[in-house]
Novice: 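Below you'll find the structure I mean.
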Amino acid sequence: MESKTSEQRISVAEYQLPYGAQLTNGGVEFSFASKSATGARVLLYSDVQDVEPCRVISLDMERNRLGHVWRAFVPNLHAGTLYHFQLDGPRAHERGLYFDSRAPLIDPYARALAGDFLPKIDGVCQPPKCVVIDDAFDWEGDHPIRRAFADEVIYELHVRGFTQSPSSGVEKPGTYLGLIEKIPYLQKLGVTAIELMPVHEFPRNASSGEWKERANYWGYDPIAFCAPHRGYAWNPAPGAQVSEFKEMVKAFHRAGLEVYLDVVLNHTAEGGAQGDVFTLKGFESQNYYMMRPDGSFLNYSGCGNTVNGNHPWTRELIFSCLRSWVCNYHIDGFRFDLASILSRDRNGNLVWNPPIIETISEDPILAETKVIAEAWDAAGAYQVGSFASVRWAEWNGRYRDDVRRFWRGDDWSRGSFATRFCGSSDLYKARGRKPTCSVNFVTAHDGFTLNDLTSYNYKHNYANGEDNRDGENSNISYNFGVEGETDDAKVNELRTRQMKNFLGSLLLSQGVPMILMGDEVKRTQRGNNNAYCQDSELSWFDWKQVEKNADLVRFVSAFIKLRRREASLRRRDFFTGEPQTPGGNPDVVWFDQRGGRVDWNAAQPSAFACFISAIDPKIDPGFMEEFKRASALLSAELPFNVIDEIVPTSSKHVVLFFNASAHSQTFYFPAMLKHPDLLWTLFADTGGESPYDVYPDCDGPSACVDQPQCVVEHSMKVFVARA
């Protein structure tokens, strides 16, 4: 690349962290690490569309390097300055070195990017520009909420997809600021935290090959771990996404909602040996990526490369990234995509207590941040139940599969369903972990939506352009006799009933529930279970469905309300099956249809019942710390009400009758629940038509405990009684 200006002498910076581009002393201090580089330059640009830099700062190996750290201070630069790094060095693939002296490089620690990938020049990739950021922002006293994880109800959403549809009616659709306009909806629904699909920088379109025009909708293809995605900003000015993202977080916190990020720290968009060089490859590839001795890339991510998370350099990058999101953006939690990759050493072997996992677990700044692992990877590792320490929660894939099997009516599924419903003690208890280590979900972005789970037996991904080869083949779904949409009223009734079964089970299970965006309004992707490239109405939230399916929204909101008010539904410890107080009820009991004890060895999976005893959080030791925290929060005069969620206003016993069969079943109340002081009232009946499917104030019809209860096919009933 020919430069317009070359400056050989520039001030030597003081050697202090952090890396990247820092505003200081009337200029910008640039720094990066490279062991094998033989020369380096800072490229400065006037405009995001410029290919040629307006100024080139050449770094001297003697004056601008200490150890393997290159640094330089450039005076008279300001926030908004556009830049790249460029390094000379050996291009020796057999040694894992991919230096390209022509390639402009994204700073691994860049705080923001601007523009898009420009057309290649002589085969050299032209990536988005890095932006110098001023972090000054008026947070107005905001800080992370620090709600106990047991009290969370998570809502997984896509920033663009949630408001991009014209039906959203927002002023700034598809953006961070657009999300703010939908906060009242999320508050009314009752969720307590949003989990944003990837918002750190990724290419707007796939970067190479035949799919270059295909939208990179999901964003699981990172290019800058520390930078909010520019495509979700309303203001197109370079760096505007930083302040808009902070405005979004501040607004959510003001409304009492936490913000989690789905972080992809397991690979980058640079691909493997044949991929472009535009960031980590051009600095020190063999440190940042896992490689074989011959210099080829290991691929545990399924995306061509694997981030070498347990190399000290990469570990520092990941660690700095997480700290930045917490310190600079007030993020409350992280979900780690393909987290099992972080459990692999530099050669790809799974190891016990890997350094990066321990670092995240023990870091004092991240101490009150929620950390959730997707405890598997694309190369066969599956660590659900064994990922890490008590600090970590996990996406419980076993919960998803076992709950689906039970409600589909599979044989021998009853015992597994009961175990998942009670918090998956088989996975977590033996290692001293709690029910809150289980993040329960039935659907997520990857797979069928809830509507499609009940409408399709097979995936329909032809719109992705891969001849339906992509996406999961085993979905444990059931279409009730018709594949896809239908006008058959009976089939649609059964599908709605099944959606309520899934949502009701999820929200009453021990652990932490997660709901997929739009499941509460029957959002459909028309059978596409891998809509990673579908930036269209196929993936977006259709806000017309909120009114059309108001009965299901009401149902979900009522269950969330019950969960948040009843301490027994979000316990800090596993059930024991024993009385909590002398002469009291066991904390949980399972019954057969006639009120007797369940024969777990029976193949019949279809129908059984569960009793959950009320607990008084004021005397339960697991809640004492929450009361202390509630007092502290209230004394801090936070701008939202925390009383209902931390100090439950009632204490109720709960009985659930499950019928996953294709026939109506008769249930009897067990003798132990026929106490004259217990008045059992109906809370929910998924077999009933709205508004008789749920009673949000727990004021449904009273049950005659001496009479049999009919539970229609594919449904559940929930009764409550004040303790």
Side-chain angles (χ1 to χ4, degrees), residues 155-158 161-162 164-165 167 195 197 215 217-218 395 397 399-410 440-507 513-546 548-549 551-553 555-556 660 686 714:
Y155 189 85
E156 187 197 30
L157 65 81
H158 188 283
F162 198 53
Q164 183 61 27
S165 170
S167 64
E195 182 174 299
M197 289 176 65
Y217 176 65
W218 279 357
W395 265 26
Y399 180 96
R400 172 198 60 206
D401 296 346
D402 289 342
V403 170
R404 288 184 181 190
R405 288 190 180 98
F406 171 74
W407 280 114
R408 191 171 66 174
D410 289 11
N440 301 326
F441 66 104
V442 177
T443 56
H445 68 272
D446 189 0
F448 281 149
T449 66
L450 188 63
N451 180 85
D452 293 357
L453 184 68
T454 66
S455 304
Y456 294 88
N457 284 353
Y458 310 100
K459 66 182 183 182
H460 296 264
N461 297 356
Y462 289 98
N464 297 350
E466 300 183 45
D467 294 326
N468 208 38
R469 294 188 302 269
D470 63 305
E472 178 60 52
N473 292 315
S474 177
N475 296 284
I476 319 178
S477 59
Y478 181 50
N479 64 12
F480 289 93
V482 179
E483 185 74 357
E485 296 182 7
T486 180
D487 293 328
D488 189 312
K490 179 61 175 177
V491 170
N492 286 328
E493 178 188 348
L494 288 171
R495 289 175 175 177
T496 298
R497 190 180 299 174
Q498 189 78 319
M499 285 183 248
K500 291 178 180 179
N501 292 334
F502 281 127
L503 289 164
S505 300
L506 173 66
L507 290 166
M514 185 186 76
I515 301 170
L516 173 63
M517 174 186 93
D519 276 354
E520 76 281 7
V521 299
K522 301 184 181 179
R523 186 174 71 88
T524 178
Q525 293 175 172
R526 297 197 289 276
N528 191 320
N529 72 353
N530 189 36
Y532 71 97
C533 58
Q534 298 297 330
D535 187 6
S536 66
E537 295 282 357
L538 184 74
S539 294
W540 299 342
F541 191 112
D542 181 0
W543 287 89
K544 297 188 297 292
Q545 299 300 314
V546 175
K548 182 178 179 180
N549 295 296
D551 57 336
L552 187 58
V553 176
F555 179 91
V556 174
T686 64
H714 304 295

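A quick note: this is a predicted structure, and the numbers were derived from the prediction, not measured.
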Novice: Using modelled atom types only, decide if a donor and an acceptor are shared between the side chain of R523 and the backbone of L450 within a distance under 3.5 Å.
Specialist: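 Checking the backbone N and O of L450 against the side chain of R523, no donor-acceptor pair under 3.5 Å is found.
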
Novice: Counting C-beta onward and ignoring hydrogens, is there a side-chain heavy-atom pair between N530 and K459 closer than 4.5 Å?
Specialist: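 No; the side chains remain at least 4.5 Å from each other.
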
Novice: Check side chain to side chain contact (heavy atoms under 4.5 Å, CB included) between Q164 and all other residues, then give those that pass, not counting sequence neighbours.
Specialist: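 With sequence neighbours excluded, Q164 shows a side chain to side chain contact (heavy atoms under 4.5 Å, CB included) to R160, P173, W540, given in chain and number order.
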
Novice: Should the pair D402-R405 be classified as a salt bridge under the 4.0 Å nitrogen-to-oxygen rule?
Specialist: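 Yes, D402 and R405 are salt-bridged.
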
Novice: Classify the angle between the aromatic ring planes of W543 and F162 as parallel (below 30°), tilted (30 to 60°) or perpendicular (above 60°).
Specialist: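 It falls in the perpendicular class, over 60°.
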
Novice: Please check if atom CZ in R526 has more than 12 non-hydrogen atoms from other residues, nucleotides or ligands closer than 6.0 Å.
Specialist: no

Novice: Below 30° counts as parallel, above 60° as perpendicular, anything between as tilted: where do the rings of Y532 and W218 land?
Specialist: perpendicular

Novice: Looking only at atom types and distance, does a side-chain atom of N440 sit under 3.5 Å from a main-chain N or O of P513, one as donor and one as acceptor?
Specialist: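 A pair under 3.5 Å: no.
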
Novice: Any non-hydrogen side-chain atom of N457 less than 4.5 Å from a side-chain atom of Y478?
Specialist: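 Yes, close enough: below the 4.5 Å cut-off.
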
Novice: Indicate yes or no for a side-chain donor-acceptor contact from N461 to the backbone of N464 under 3.5 Å, with no hydrogens or angles considered.
Specialist: no

Novice: According to ring-ring contact (aromatic ring centres under 6.0 Å, His included), who are the partners of F448, at least two apart in sequence or on a separate chain?
Specialist: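 Partners of F448 by the ring-ring contact (aromatic ring centres under 6.0 Å, His included) criterion come out as none, since no residue qualifies.
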
Novice: Is it the case that over 12 heavy atoms from other parts of the model lie below 6.0 angstrom from the CD atom of E485?
Specialist: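 No, CD of E485 has 12 or fewer neighbouring heavy atoms, counting only those of other groups under 6.0 Å.
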
